[in-house]
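Fair warning: this is a prediction, and the values are worked out from it, not measured in the lab.
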Amino acid sequence: MTAQAPVVDWRLAGRTAQRLVRPGPVVSPQQATEVVAELHDAAGRAELPVRAVTGLADGVPVPAAQVLDRPRWAAAAATSMGALTGTAVRPGGPGPGLSGRTAGLQVGVVLSYLASAVLGQYDPFAPATGTDDDSAGGGSLLLVAPNVVATERALQVDPADFRLWVCLHEVTHRVQFTATPWLVDHMAATVTTLTTGLDAPLGELAGRLSGVLRSVAREGTGPDGVVGLLGALQAPPQREALQKLMALGTLLEGHADHVMDAVGPAVVPSVRHIRAGFDRRRARPANPVQRVLRALLGIDAKIAQYERGKVFVEHVVGREGMAGFNQVWSSAAALPVDAEITDPQRWINRVLA
């Protein structure tokens, strides 16, 4: 069987994003050194309170975080997306071809936009960093220093508290995947299903994209409530996989938001001030161009994930305690579907009854 050419030239995507990404806020060399050191320290300090609140990953080694600038994050994101989707160029395999290079340029533009917005992320598909212990598994915690500085300045919050607060969220993601080894394979399999069919005829893809653009312009959301470019381009067989992936994302983000606030003032004294400012920033209305971009890139869906997911987690924890909630990590079958996130009692009745 002849190997298929990659759908996206991920190397070109990374290089394109690195060229196009906007420069970060102005800081002196000394300030830059201090920010990097404090983010490394905050990532380490966040681990124990996160594990204490969640009851997960006890005794597992704590790897170091990577603190990156915007171009390096874009390159890392492109590499990870290629690995996640199984579309990276393989040694000795076919090159991406003209369509793959075109897609790489387009993805690079998207990544350059996101590189100015992402504060941090846990990448479960990257090689492990900062530990020689094989039991730590894969995965890497990435913190984007310029974006952290830009956001803390915009919100006018205490820098040390804000940096730790951001790390609490991202470290929660690391703990989620570290404590649940099957989750990486489950996510990868779902993404494989999701991306099957992305090689549909150009006219069919254009028709789907045209439909979502009309919906965005009219309502600010994608068809059938599925927001983002992937939702626009998916045929019905892949829609179920997308819904599963979005439900999983809602769970992961909501759990991280719950944990970062549950750790509380004892660790982050100004947490209420930070949360209030951050929520106001999320709710700020966008201009029409930004609204289209946010909808196509799924940013509005991401914000909704935080809100819906946190409500789900707080309901279950309030009724069943953290030990009961942690049954969600027991297997893929225990993960909530979208209807259960909207109605947490349905998940409790199905999984904990």
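- A salt bridge is defined here as a Lys NZ or Arg NE, NH1 or NH2 lying under 4.0 Å from an Asp or Glu carboxylate O, and Arg308 with Asp257 fails to meet this definition.
- Gln18 and Arg72 share no donor-acceptor pair across their side chains, judged by distance under 3.5 Å alone.
- Here the side chains of Leu20 and Tyr113 are not in contact, with every heavy-atom distance at 4.5 Å or above.
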side-chain contact (heavy atoms from CB on, under 4.5 Å) for Arg51 and Val62? Distances and angles first, verdict last.
CA-CA 11 Å; Arg51 294 184 185 200; Val62 180; 3.5 Å; yes
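- Taking the six-membered ring where the residue is Trp, Trp347 and Phe312 present perpendicular rings, their angle passing 60° and hence far from 30°.
- Both Val263 and Val157 sit in one connected hydrophobic cluster of ILVMFWY residues. Membership requires side-chain heavy atoms under 4.5 Å apart, directly or through other members.
- The side-chain heavy atoms of Leu248 and Lys244, taken from C-beta on, include no pair separated by under 4.5 Å.
- Here the side chains of Val21 and Ser116 are in contact, with some heavy-atom distance below 4.5 Å.
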Show your reasoning for whether side-chain contact (heavy atoms from CB on, under 4.5 Å) applies to Val149 and Val27. CA-CA 9 Å; Val149 172; Val27 295; 4.2 Å; yes
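- Ring to ring, His255 and Trp329 are close: their centroids are under 6.0 angstrom apart.
- Taken from CG in Leu164 to CG in Asp41, the straight-line distance is 9.0 Å, to the nearest 0.5 Å.
- Under a hydrophobic-cluster definition in which Ile, Leu, Val, Met, Phe, Trp and Tyr are linked whenever side-chain heavy atoms come within less than 4.5 Å, directly or via other members, Leu335 and Leu352 are assigned to the same cluster.
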Just do the side-chain contact (heavy atoms from CB on, under 4.5 Å) check on Glu47 and Val171 with the steps written out, would you?
-> CA-CA 6 Å; Glu47 193 85 19; Val171 164; 3.3 Å; yes
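- Judged by distance alone, with hydrogens and angles left aside, the side-chain atoms of Asn326 form a donor-acceptor pair with the main-chain N or O of Thr54 at under 3.5 Å.
- To the nearest 0.5 Å, atom CD of residue Gln156 and atom CZ of residue Arg153 are 12.0 Å apart.
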Between Gln176 and His173, is the side-chain contact (heavy atoms from CB on, under 4.5 Å) condition met? List the steps.
CA-CA 5 Å; Gln176 290 164 346; His173 288 318; 2.9 Å; yes
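- In this pair, Phe278 and Trp165 present their aromatic rings perpendicular. The plane angle is above 60°, beyond the 30 to 60° band.
- Residues His169 and Glu253 meet the side-chain proximity criterion, which asks for heavy atoms closer than 4.5 Å.
- Between Thr79 and Arg11 the shortest side-chain heavy-atom distance does not fall below 4.5 Å.
- When side chains are defined from C-beta on, Tyr122 does not count as touching Leu252, because their heavy atoms never get closer than 4.5 Å.
- A donor-acceptor contact shorter than 3.5 Å is absent between the side chain of Ser80 and the backbone of Ala77.
- Note on Asp123 versus Arg174: no salt bridge recorded, every NZ/NE/NH1/NH2 to OD/OE distance being 4.0 Å or above.
- Here Asp338 contributes atom CG and Asp343 contributes atom CG; the two are 11.5 Å apart, rounded to the nearest 0.5 Å.
- Surrounding CZ of Arg272 are at most 12 heavy atoms belonging to other residues, nucleotides or ligands under 6.0 Å away.
- Ion pairing of Arg346 with Glu340 is absent here, as no side-chain N (NZ or NE/NH1/NH2) approaches a carboxylate O to less than 4.0 Å.
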